[in-house]
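Structure first, then comments.
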Amino acid sequence: MGKIDFARRWEKLKKAWYKFGKNPLSIIGATIVLIILLLAAFAPLVAPYPEHAGNYVNFPEASRPPSWKHLCGTDVFGRDILSRIFFGFRFSLGMGVVVISITAPVGVTLGLIAGYMKGSFMDTLIMRLTDIFVAVPPLVLALAVCSILKPSVFNAMMAISLLWWPWYCRLVYGISSSIRNEFYVQAAEVTGASKIHILFREIFPNCYGPIFTKLSLDMGWVILIGSALSFVGLGAQPPTPDLGTMVADGGKYMPDQWWIAVFPAFAIMFIVLGFNLLGDGIRDMLEVEEG
Amino acid sequence: MHFIKFLARRIGHSVFVILGLSILVFLIARVMPGDPARMALGPRAPEAVVQRFREELHLDKPIYVQYYYWLRGAVQGDFGMSLFTKRNVAHDVKEFLPATLELMVCTGIIFTVFGILLGVASARYANKWPDNVVRVFSYLGVCTPAYVFGILFLLLFGYVFNLLPTIGRLSPELEYPAHATGFITIDSIIAGDFRAFWDGLKHLIMPSVALALGPMAQEARITRSSMTENLQRDFIALERSQAIPERRIMTRYLMRISIIPTVSVLGLDFASQLGWAFLVELIFNWPGLSRYGINVMLHKDLNAIVAVIMIIGLVFLVVNIVVDIIVAGLDPRIRLGAERSK
């Protein structure tokens, strides 16, 4: 194993960070994500009415339009919508993190194997399997799996995970199949490096950029799909403060009590926008590193 | 010749995928915990009835035998009974599919046409205000789920301004035009009923725009980046040096190659909107396959769930083959059999 040139790495990192900081959109994205992370982490402290997150009923205050007391109004049970949105961020982020930390490693590993062994039986098996999974929109399969299982946050996460790995697999496959004949890979083969070493130390580092970009963009996507499952009633169940569930509940009281649905909907847009801007920023930043 | 080979390979691959999908969906529907027969008949049905039902559906046999029976029926268009509508699933699909297809075709037209137009405008006026407007819009489009657009439209155009009808495909006082294609807009023209046509079109606007905004934003971004990239190419400089009018360069030479990446992702966009249609149809009470799909899912109606997913997979594959043919038409490298450059 060669000596790692820390000074050079540090220089590269500094250059990348400089590029990241120069793009106002990336900074906005990073700020949004940071704000949401903090709000979610400290929801019990920052929410104006933390007890409204769960099963709380206060009919005298029900269905109040936005006011200084309740910035986003209250729902039909008299719960403060802003507080519930803060708690909703917890579920959305949690769902994104769980799904991605299950699917990314699986998808990446399979993609590396298939790409490195391009043309072999393993390649055909893995890639044809991904073809089947991507032949139906992920949302539809997730809905179907959730409907057959008992609807809950946990099952929703499992359902999305079941469908998400092929996208990582395809991404990594493209890269690893194109560089498996590079000289440094051949050199490792000739010197008798193990398969695991070749996959994870020689090929895998080339995939960092696209994977990080995809991770950030996918946080947005998984949150969208999770909210869609809850919207239909196949994800988080009331009284869980989930953004999708809140939009669906609020939809029933349109148009008179528009705030019940509209503010959680904006919250979803905000969170997804943050991760999208961040993802684009990461991509631009890493492009510089290549050059 | 190359093209026919290419097409044959694509179709062969699709047949494989649809078979694989059927196994996957069948496994999901059958291996999941719970007894399908019991689920269908409810907890109070007597055991003897449940047992007979099991035998009727071959649920007492091993899973591969069940799959064999199911597949034998499916290739003949028989997906079994729906436990939700108590009718043949194939019959339900036939009834609800046209509404969804009409919605999706309209959505596809909107996002293709406007996505490309916006992308071209954005590239033409790069870094000027039209470009910035398109950019902001595309972020908005990418981060907003279609059902949120749906709800906002419903609120704004349905209730506040009261411009468009909010639910269904046709106002209740109007008669459905005679069934020819199942598309209300087309059927009403065939029948010469322009009131129904206008009404049907008005019903289509909100749900299809709600579905189209997301992919429209994506298409605009892709078109923009591919056009700005191609503008740097040598052949554009050559054409300019020969004093070919700028307009002609743009429309004839630049557009054609620049929309190839845009067209290639059309199929994927179409497919993902087919997924979001599940929610949008629910919001607008659109009597299509997707709303039917949600209903059967909420009722755990296994036969119908499997059928709906298979039909959606089939639509997706057909759309992708069509997209591949269009791309091949646009890109001589594929049409003439050269390997697509990676």
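Chain identifiers are assigned alphabetically (A, B, ...) following the order of the sequence lines, protein sequences preceding nucleic acid strands; residue numbering begins at 1 within each chain. Source: prediction; values computed, not measured. Atoms considered below: every heavy atom in the structure, side chains included; atoms not considered: hydrogens, waters and symmetry mates.
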With a 6.0 Å cut-off (strictly less than), is the heavy-atom count around CZ of Phe212(A), excluding the residue itself, greater than 12?
no
Do Phe316(B) and Val140(A) come within less than 4.5 Å of each other through their side chains, counting heavy atoms only?
no
Chain A heavy atoms under 4.5 Å from Ile151(B): which part of the residue, side chain, backbone, both or neither?
both
Top contributor to chain A contacts, counting heavy-atom pairs under 4.5 Å, from Val142(B), Leu19(B), Leu282(B)
Val142(B)
Flag the pair His13(B) / Asp131(A) as yes when at least one side-chain heavy-atom distance between them is below 4.5 Å, and no otherwise.
yes
Ranking Val262(A), Ile225(A), Ile271(A), Leu277(A) by heavy-atom pairs under 4.5 Å to chain B gives rank one to Leu277(A)
Drop me the distance from Leu224(A)'s CG to Tyr147(B)'s OH, to the nearest 0.5 angstrom.
7.0 Å
Residue from Leu279(B), Leu298(B), Ile23(B), Ile312(B) scoring the most non-hydrogen pairs under 4.5 Å with chain A is Leu279(B)
Applying side-chain contact (heavy atoms from CB on, under 4.5 Å), run through Phe278(B) and Leu143(A) and close with a yes or a no.
CA-CA 9 Å; Phe278(B) 272 69; Leu143(A) 284 169; 3.8 Å; yes
Tell me, for Leu268(B) versus chain A, whether the close heavy atoms (under 4.5 Å) come from the side chain, the backbone, both or neither.
side chain
Quick one: OH on Tyr139(B) to CG on Leu273(A), what's the gap to the nearest 0.5 Å?
8.5 Å
Heaviest contributor of heavy-atom pairs below 4.5 Å to chain B, chosen from Ser227(A), Gly244(A), Gly233(A), Pro138(A), is Ser227(A)
In terms of heavy-atom contacts, Ala265(A) and Val148(B) come closest through CB-CG1, 3.7 Å
Do you know which two heavy atoms are closest between Ser147(A) and Met297(B), and how far apart they sit?
CB-O, 3.3 Å
To the nearest 0.5 Å, how far apart are CZ in Phe266(A) and CG in Leu152(B)?
5.5 Å
Looking only at Leu25(A), Ile132(A), Val272(A), Ile268(A), most heavy-atom pairs under 4.5 Å shared with chain B are made by Ile132(A)
Go through Ala144(A), Gly250(A), Pro264(A) and name the one with the most non-hydrogen pairs under 4.5 angstrom from chain B.
Ala144(A)
Please say whether more than 12 non-hydrogen atoms of neighbouring residues, nucleotides or ligands are located less than 6.0 Å from CH2 in Trp221(A).
no
Measuring from atom CG of Leu141(A) to atom CD1 of Ile305(B), what distance do you get when rounded to the nearest 0.5 angstrom?
11.5 Å
Leu234(A), part contacting chain B, at a heavy-atom distance under 4.5 Å
side chain
Segment of Ile223(A) engaging chain B (4.5 angstrom heavy-atom cut-off)
neither
Distance (rounded to the nearest 0.5 Å) between Leu162(A) CG and Leu24(B) CG
7.0 Å
Less than 4.5 Å to any heavy atom of chain B: does that hold for the side chain of Ser178(A), its backbone, both, or neither?
neither
If you compare all heavy atoms of Pro137(A) against all heavy atoms of Ala271(B), which two are closest, and at what distance to 0.1 Å?
CG-O, 2.9 Å
Taking every non-hydrogen pair under 4.5 Å, which of Gly251(A), Cys146(A), Ala261(A), Ala228(A) racks up the most with chain B?
Ala228(A)
When rounded to the nearest 0.5 angstrom, what distance separates CZ in Phe231(A) from CD1 in Ile283(B)?
4.0 Å
